[in-house]
Every structure is written in C-alpha cells, then in structure tokens.
**Student:** 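Pasting a structure below so you can have a look.
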Amino acid sequence: MTYLPFTKPFVDEDTIAGVAEVLRSGWLATGPNVADFERKFSAYVGGRIVKSFTSATGALEVALELCGIRPGDEVITPAMSFTATPNVIMRVGAKPVFVDVELDTRNIDLDAVEKAITPRTRAIMPVHFAGLAVDCDRLYAIAEKHGLRVIEDAAHAIGTAWRGKRIGSFGDLVSFSFHPNKNMTTIEGGALCLSDPVEAKKLDLLRFHGLSKDEEGNQDVMMAGGKYNLSDVAARVGIGQLAHLEQFNEKRKALVQRYLGEWAVEDCTLPVDDEGHSWHMFAPLIPFERFGLTRREFIAKMHEAQIGVGIHYPALHLFSLYRKLGYGVGDFPNAERIGRETVTLPLFPLMEEIDVARVCQAAARILKS
Ligand SMILES: *Cc1c(COP(=O)(O)O)cnc(C)c1O
C-alpha cells in the first residue's frame, strides 16, 4: 500500500516547463512573473491591491510595521494558530494578547476579543482557521467601534468566502501564505491584500530596502526597509497554481463531504461545514483518553497503516516563549482541548475518495480496538 501523507502539493508539467523557461531566461529574481502573479492574484481577490512576499510570516510582520505597531502596543490574537501569528507581534516588540477560540469553529471568540480591548490595543489579528471564515461583519464592527486595525491571517483561507465575499476581497490588511502545505503554493511565499494606494507605496519600501526612485531614476532610501521580495521562479509556480486553484478547492470540498459521511467513530468533534469553507485542513477532535490510547500511539498506528497524520496546533500560550508572558494551563480551555485532541487527516487535491474511506476505516479500527 502506498503511503498517504496528510498533505502534498501538486505541480503540473506545464508549470514545471514554465519554471524551466524562467530559469533559462536569466531573470530569476523579482521581474515580469512577479508582476503577472500579483495581477492574477489581485483578480482572484476582486481587484484589490496585492503585494507578494517571500513568506506570509514576512507579510504579517511588515503589515504590523505598516500599521506603526511597536513596543508598548497590544495586538489581540487567538490562542489557537500556527506560532507565526503571535511571533510576528513579538518581533515588532508588541504584546500578543491571546483570547480563546470557539470549540465548534475553532475561530477567535469575538466576545473574548471585546473583553480583551484596552487603551493599548492597536490591532486584532484573527485567523480563518483551517479555511473557515471568521464572522467578518462582527469582527469589523468591533474594529471600527474601537478604532483598531485588522490584520487577517488568511494563511489557511485561499478561496474562503464570508457570506459570498472572498476573503482578501474586502477588509483591512489580509495576508495569505503560499507555503507548499497551503491550498496553493509558490514554494515559499505570501501576499498582502489592501485597499490604500498610499499604504501600498509604503509597503514597497518596507518590502525592499526602503529604496525609491524619482522620475530621473535617482535612488533614495526612505527607511530601513527589509528584504521580502518574491522571485520570478516562485511567482511562475504561483501562476501555474492559480490556474488550478478553483479545481483544487472543489476537490478538497468533495473529499471533505466524503469524510463527513464516512467517519464512524462516535464522541469525536468533527469540523463544522460551511458553504464558504476552503478546507485547508480536515481535523477532527478525538478524546483519546476515552479510547484508552494516547494521540502519539494513534499517530504511530496510523503511520503503520501507511497514513500520515498532522497536529495543527498545540495551544500557543503553553509554549515556553508565551508562558514567559504569564500565560499558563487553564487560561484558554478550548484552545487547550483542541491542542490535545486535534489530528489533521490527509486532505489534498491529488487524493481520491477511496483514500478517505481507507483513512476512516483505519482510524475506526485503531480507536475501537
Ligand atoms: C503557514 C502559516 C503561516 C506562515 O506562513 P509562511 O508562508 O510559511 O510564512 C502563518 N499563519 C498560519 C495560520 C499558517 O498556517
């Protein structure tokens, strides 16, 4: 039986040939392919301004800089995400203020957000977890009421929609990731979507050494910008991926419908379905102690059955870095429970529905034995 990983990118032959062409062209770093990729991704998010980056982590960090967030400021963010989300807040010297997530959606609890706002709060950094949109109406109502910036971590949400509107096509600053595990890839890469052309100009400086040119071509350095520009090689991969994105996401949806129909183990919390879900991940919560085995044992047995299982993610506030801020066990019960019970099952466009049946059968056999 072939090994079924929990995720695997698909790059078609046309894209591979296109990359070879870029490599032979002599122009490898930022050039025409980056411009083309940004144009095409902008069309995908309803024509908003798109700036590509070498990673979403870089895009998020620069977004915080753009908002002028600095030491002494607080940014509200969920206790359940990948560690890049709070890390970038630390990197600009601000304080991540964690709040719990909802158990059913695994998204940031907006009641908790309102309670966490202080005079030092500058921004909210929510995550559309696993590809399910946060309640954007309520999120932006809170932000507006309190004069806060919103930096959406949409790493999981390429193709996600909120009430029929695609994530990235509206809102404040929206960051996507094109890491190979995400719904589409540029190998490494990310993008920020925004509306304000003045802020877009500033992003260009923050993204590339602070360098600007006047009409005569004279260079000037306006600020100590960083180095986050995407390469043309990476952008060409992204162009090839964009051509398949709708099809990739349709396949993810179909596979999840099969998972929801096929999963036969009781007492597990399945992810909630939604019309606008982009299904970056399918991750049930399994109360392992009830089944008399640990998650580690479950994952090892799935591995023996040639099935890869991921963990996304341990609760953020229990990592050493964040315990040093004073967080500890019991602070965010939902994030902690997700952190203990979550398993990410195989889900990627190259999979077949028969693979879903195999995963569900193996999990049922292991948990019920
Ligand atoms: C992957 C991911 C990131 C970081 O993306 P990179 O492109 O790898 O920097 C940030 N936040 C979340 C929630 C992610 O899953």
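Quick caveat, the model's predicted, so the values are computed rather than measured. Order of listing sets the numbers, starting from 1, for every ligand and every atom in it.
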**Student:** For Arg48 and Ser195, run side-chain hydrogen bond (donor to acceptor under 3.5 Å, both in side chains): C-alpha distance rounded to whole Å, both residues' side-chain angles, the deciding distance at 0.1 Å, then the answer.
**Tutor:** CA-CA 6 Å; Arg48 284 241 288 176; Ser195 297; 2.5 Å; yes

**Student:** Between Phe176 and Phe41, is the ring centre distance below 6.0 Å?
**Tutor:** yes

**Student:** May I ask you to check whether Phe208 and Tyr228 place their ring centers less than 6.0 Å from one another?
**Tutor:**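 Centroid separation for Phe208 and Tyr228: 6.0 Å or greater.
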
**Student:** Report the C-alpha separation of Glu199 and Arg149 in whole Å, then their side-chain angles, then the decisive distance to 0.1 Å, and conclude whether the salt bridge (Lys or Arg N to Asp or Glu O under 4.0 Å) test is met.
**Tutor:** CA-CA 13 Å; Glu199 288 203 324; Arg149 297 298 302 255; 2.9 Å; yes

**Student:** Less than 4.0 angstrom from a charged side-chain N to a carboxylate O is my criterion; do Asp137 and Arg163 meet it?
**Tutor:**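 The answer is yes: the pair qualifies as a salt bridge.
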
**Student:** Does CZ belonging to Arg138 count more than 12 external heavy atoms closer than 6.0 Å?
**Tutor:**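 Yes, the 6.0 Å shell around CZ holds more than 12 heavy atoms from other groups.
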
**Student:** Anything under 3.5 Å between an N or O on ligand 1 and a protein N or O? List each pair with its distance, or write none.
**Tutor:**
unit_1   : atom_1 : unit_2 : atom_2 : d
ligand 1 : 5 (O)  : Ser177 : OG     : 3.2
ligand 1 : 7 (O)  : Ala56  : N      : 2.9
ligand 1 : 7 (O)  : Ser177 : OG     : 2.7
ligand 1 : 9 (O)  : Ala56  : N      : 3.3
ligand 1 : 9 (O)  : Thr57  : N      : 2.8
ligand 1 : 9 (O)  : Thr57  : OG1    : 2.5
ligand 1 : 11 (N) : Asp153 : OD1    : 3.4
ligand 1 : 11 (N) : Asp153 : OD2    : 2.7
ligand 1 : 15 (O) : His156 : NE2    : 2.8
ligand 1 : 15 (O) : Lys182 : NZ     : 3.3
ligand 1 : 15 (O) : Tyr313 : OH     : 3.2

